[in-house]
Protein chains: 2
Amino acid sequence: MKLFLVIVMDDTEINLNNILNRKSVRNFTDEKVDKNDLLKIIKAGMSAPSALNLQPWEFLIFDNHEIIEWMVDLHDYSKMFKTATAGIVVCGNMEKTIEGVEEFWIQDCSAATENILLAIESLNLGGVWLGIYPIENRYQKISNYFKLPENIIPFAVIALGHPSNNEKSKDKWDDKKLHWNKW
Amino acid sequence: MKLFLVIVMDDTEINLNNILNRKSVRNFTDEKVDKNDLLKIIKAGMSAPSALNLQPWEFLIFDNHEIIEWMVDLHDYSKMFKTATAGIVVCGNMEKTIEGVEEFWIQDCSAATENILLAIESLNLGGVWLGIYPIENRYQKISNYFKLPENIIPFAVIALGHPSNNEKSKDKWDDKKLHWNKW
């Protein structure tokens, strides 16, 4: 008789671990990111919630070497593009904002960006979120470079690729930030 | 000889499905949310990325009936608290913002809120994101009610509980929103 021991993590645990394990990855190997994986990542982005379900986002994916090189000098914190093999510009579409509370597009695009980072983690890839909006000289530069329509604002850039180091996530648990039923 | 057929989804698929399956749930049974599950949900929130890793968030969790009742009339879109059994106020801490780009706290709190919604989905619970900030009469009302310190701004409220209906997620894939290497 043969005995097999199978250790099974349940789906809940797997999903929570993916959220806890996500980390900012800034160093990558030269292996390209599979196109199908890029599509899965964008699909995750499009699955984010949005105010009134307006989905005010657009995604510009790049794996072209020239664009990646250009990103290296975008600003002081974009040097990870020296090794990144792909990137995503998450943009807001100003024609899909809500009168009086236009700023909700920022929250919607943030949720889409976080979904993208979690999808990257789940695919054993690595990525990092570069804040672009509301820093005018960052978003204008990107807007000019890609000749974006006037209603499209670059919100964030994600650098991604296959991680070259075995970086670990930080444990950011802090029970002082937790308040039960009152402040 | 006995043969067993085991169908195993890999972790990547499980994680991506959780992101795709998340939906806004507004109707709940009267079963309470387990306290340990609430802690797991908050831990997911605290695992979000933030600008300069400042983690400018605070979480007020409530399951007190009086608070839940009060939330029902918070504004026109908070009626889901008629059946919700718990809620979370995600707050921003203005002492943890970056000079010159204070607004990044909004993006950080949005990422934390999305992590919370994904953790809720993974626990087979349901939840929905109510936009609070920057609508002044919403965030002031909450601030007064909980007597929050001046540096703490209520950013979003999440209503949650055990879903009473078998609601399905929307497929929001739209390839017109996808741009490869150029606009």
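In what follows, every heavy atom counts, from backbone to side chain, and hydrogens, waters and symmetry copies are set aside. A note on names: the letters A, B, ... follow the listed sequences, proteins ahead of strands, and every chain is numbered from 1.
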For the residue pair [X] and [Y], establish whether any side-chain heavy-atom pair is separated by less than 4.5 Å.
X	Y	value
A:L20	B:K43	yes
B:W183	A:E58	yes
A:S47	B:W173	no
B:I61	A:N181	no
B:I135	A:F104	yes

Which portion of B:D108 sits near chain A, non-hydrogen atoms under 4.5 angstrom: neither
Whether B:S110 side chain and A:S110 backbone form a donor-acceptor pair below 3.5 Å: no
Side-chain (B:Q107) to main-chain (A:Y133) donor-acceptor, under 3.5 angstrom: yes
For the interface with chain B, which of [options] has the highest count of heavy-atom pairs at distances below 4.5 Å?
options	result
A:V89, A:I152, A:T113, A:D175	A:I152
A:K23, A:R22, A:K182, A:E66	A:R22
A:I41, A:L38, A:N64	A:N64
A:N21, A:V101, A:L39	A:L39
A:G131, A:A51, A:A48	A:A48
A:S169, A:G87, A:S24, A:A44	A:A44

For the interface with chain A, which of [options] has the highest count of heavy-atom pairs at distances below 4.5 Å?
options	value
B:W129, B:W180, B:F62	B:W180
B:E121, B:Q55, B:E103	B:Q55
B:D10, B:I88, B:N17, B:N53	B:N53

Non-hydrogen atoms of A:I19 and B:A119 that approach each other most closely: CD1-N, 4.0 Å
Minimum heavy-atom distance between A:P49 and B:L117, given as atom pair plus value: CG-CD1, 4.1 Å
A:N15, A:N18, A:L16, A:N115 screened by side chain to side chain contact (heavy atoms under 4.5 Å, CB included) with B:L118, the one that passes: A:N115
Please say yes or no: joined through hydrophobic side-chain contacts below 4.5 Å, possibly via intermediate residues, are [X] and [Y] part of one cluster?
X	Y	value
A:I120	B:I14	no
A:V157	B:L178	yes
A:I67	A:V90	yes
B:I142	B:I106	yes
B:I98	B:I153	no

Cation-aromatic face contact B:K172/A:W57, 6.0 Å, 45 degrees: no
Distance in Å, B:T12 OG1 paired with A:L123 CG, rounded so as to fall on 0.5 Å steps: 5.5 Å
Distance in Å, A:N124 CG paired with B:D11 CG, rounded so as to fall on 0.5 Å steps: 8.5 Å
B:Y77 atom OH, neighbour heavy-atom count above 12 within 6.0 Å: no
